[in-house]
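Because the structure is predicted, anything quoted here is derived from the model rather than measured.
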Amino acid sequence: MAEAAAARLITKVVDAQSSRGSASVVLTGGRNGNGLLAALAGSRARDAIDWSRLDVWWGDERFLPEGDPERNATQAHEALLDAVPLDPARVHAMAPSDGAYGGDVEAAAEAYATALAAAARPETASPPAGAGGGPVPSFDVLLLGVGPDTHVASLFPEHPGVRETDRTVVGVHGAPKPPPTRISLTLPAIRAAKEVWLLAAGEDKANAVAMALSGAGELQAPAAGAYGRQRTLWLLDEPAASQLPRDLYPPALS
């Protein structure tokens with residue numbers, strides 16, 4: 001799954017750069033997100049991307065000190081980013097807990113929302129419907145790992161963040177998996193992306209995938225509320241797809 005997703009991502013980024021000159025991608029952490037980045041790092045086709053013309057953002061972050069091995073940014077640099085010639089000015093990490101905002105996760109979240117708004121160009125900006133947090137870039141691809149509880153980014157079932165409609169980025173308190181304090185894009189910001197790709201591999205994701213694709217509400221299953229403006233793509237391996245009703249399979253697989 002990781003290799004197939006990496007190949008698709010290379011094609012999408014190259015196409016966007018060919019048509020517009022640059023591209024933007026929102027990364028996700030976790031087992032599946034890091035697996036995709038590692039597969040991309042090992043791909044012979046990775047140099048088809050002009051890395052200097054790629055903007056890299058994150059969908060969420062663990063609010064930990066800079067360089068902490070549990071931070072999504074740290075893991076992404078180890079898996080891929082340190083191995084490719086990115087423009088540092090186009091790598092937009094969320095603030096760490098020992099950064100400019102100290103332990104104030106709300107201030108760090110607001111700063112990321114401000115950075116998103118500043119990067120949103122008039123011709124591509126897509127302000128979330130009814131949102132007061134300002135516009136966000138119209139990302140070419142926004143990657144999301146799907147948790148066993150159906151969470152995406154750091155939006156957990158029934159938690160305040162998944163209910164947010166007025167802001168594009170929120171501080172998360174009391175997350176049910178460690179660390180409890182995080183920063184996350186909201187569903188309105190996620191839905192501004194042109195394409196949203198949801199990644200799930202492994203039998204432990206099967207129930208979450210089936211729930212999200214079988215009509216569950218986004219409060220109970222945040223993955224069900226994550227979709228793109230032009231396309232929503234689920235990338236699954238066989239164990240993760242094992243509980244899907246047969247009528248949800250692509251025609252070639254049914």
Side-chain angles (χ1 to χ4, degrees), residues 1-15 25-43 45-46 58-60 72 75-76 79-80 139-159 161-162 175-177 184-187 189-254:
M1 188 276 288
E3 291 178 358
R8 284 178 178 268
L9 186 59
I10 291 169
T11 299
K12 180 58 63 175
V13 170
V14 169
D15 287 348
V25 173
V26 180
L27 302 183
T28 186
R31 183 180 74 212
N32 296 156
N34 290 324
L36 184 157
L37 296 182
L40 207 165
S43 171
R46 80 179 197 191
W58 273 266
D60 74 318
N72 290 335
Q75 295 173 4
L80 171 68
F139 308 112
D140 291 294
V141 177
L142 187 147
L143 301 168
L144 293 170
V146 179
D149 61 352
T150 74
H151 84 267
V152 289
S154 284
L155 303 176
F156 295 91
E158 302 289 352
H159 271 239
V162 79
K177 61 179 294 187
S184 182
L185 299 190
T186 61
L187 287 177
I190 288 169
R191 293 168 186 162
K194 293 175 185 174
E195 298 195 9
V196 170
W197 297 6
L198 296 107
L199 313 173
E203 188 175 357
D204 62 322
K205 305 294 181 72
N207 184 62
V209 169
M211 182 183 298
L213 288 173
S214 299
E218 62 193 41
L219 295 181
Q220 295 75 34
Y227 48 83
R229 291 166 49 226
Q230 298 177 3
R231 188 186 194 196
T232 306
L233 180 64
W234 285 75
L235 293 162
L236 314 172
D237 68 356
E238 288 188 11
S242 62
Q243 294 185 29
L244 286 178
R246 299 302 298 184
D247 60 358
L248 290 181
Y249 276 63
L253 300 177
S254 60

Keeping the roles fixed (side chain from Arg191, backbone from Val196), state whether a donor-acceptor pair exists under 3.5 Å.
no
State, with a plain yes or no, whether a side-chain heavy atom of Gln220 is found less than 4.5 Å away from one of Glu158.
yes
Please report the shortest heavy-atom distance between Ala200 and Ala240, naming the atom on each side.
O-CB, 3.4 Å
So does Pro239 get a backbone contact from the side chain of Ser242, meaning a donor-acceptor N/O pair under 3.5 Å?
yes
Determine whether Asp149 and Lys177 make a side-chain contact, defined as any pair of heavy atoms from C-beta on separated by less than 4.5 Å.
no
Can Asp140 and Val13 be said to form a side-chain contact (heavy atoms from CB on, under 4.5 Å), step by step?
CA-CA 8 Å; Asp140 291 294; Val13 170; over 6 Å; no
Taking all non-hydrogen atoms of both residues into account, name the closest pair between Leu236 and Met1 and its distance.
C-CG, 3.9 Å
Test side chain to side chain contact (heavy atoms under 4.5 Å, CB included) applied to Leu199 and Asp237, Val152, Val146, Leu36, the passing residue
Leu36
Is there a side-chain contact between His159 and His151, using heavy atoms and a 4.5 Å cut-off?
no
Reported CG-to-CG distance for the pair Leu144 and Leu155, which is rounded to 0.5 angstrom
8.5 Å
Can you tell me how far apart NZ (Lys205) and CZ (Arg31) are? Round to the nearest 0.5 Å.
4.5 Å
Distance, nearest 0.5 Å, that separates CZ of Arg231 from CH2 of Trp197:
7.0 Å
Of all heavy-atom pairs linking Ala79 and Ala41, the shortest is O-CB, 3.3 Å
Are Val141 and Arg8 side-chain neighbours, meaning at least one heavy-atom pair lies under 4.5 Å?
no
side-chain contact (heavy atoms from CB on, under 4.5 Å) between Leu80 and Leu27, intermediate numbers included:
CA-CA 11 Å; Leu80 171 68; Leu27 302 183; over 6 Å; no
Exercise: identify the closest heavy-atom pair between Trp58 and Leu185
O-CG, 4.0 Å
Where is the tightest heavy-atom contact between Ala153 and Gly59, given as atom of each residue plus distance?
CB-O, 3.7 Å
For the CG atom of Asn72 and the OG atom of Ser154, what is their distance to the nearest 0.5 Å?
7.5 Å
What are the two closest non-hydrogen atoms of Ala208 and Pro148, and how far apart are they?
CB-O, 3.5 Å
Please name the residue in the list Leu233, Leu142, Thr232 that meets the side chain to side chain contact (heavy atoms under 4.5 Å, CB included) test with Leu198.
Thr232
First locate atom CG of Leu213, then atom CD of Gln243, and finally report the distance between them rounded to the nearest 0.5 Å.
12.0 Å
Nearest 0.5 Å please: distance from the CG atom of Asn34 over to the CD atom of Gln75.
4.5 Å
Just wondering, more than 12 heavy atoms not from Gln230 lying within 6.0 Å of its CD?
yes
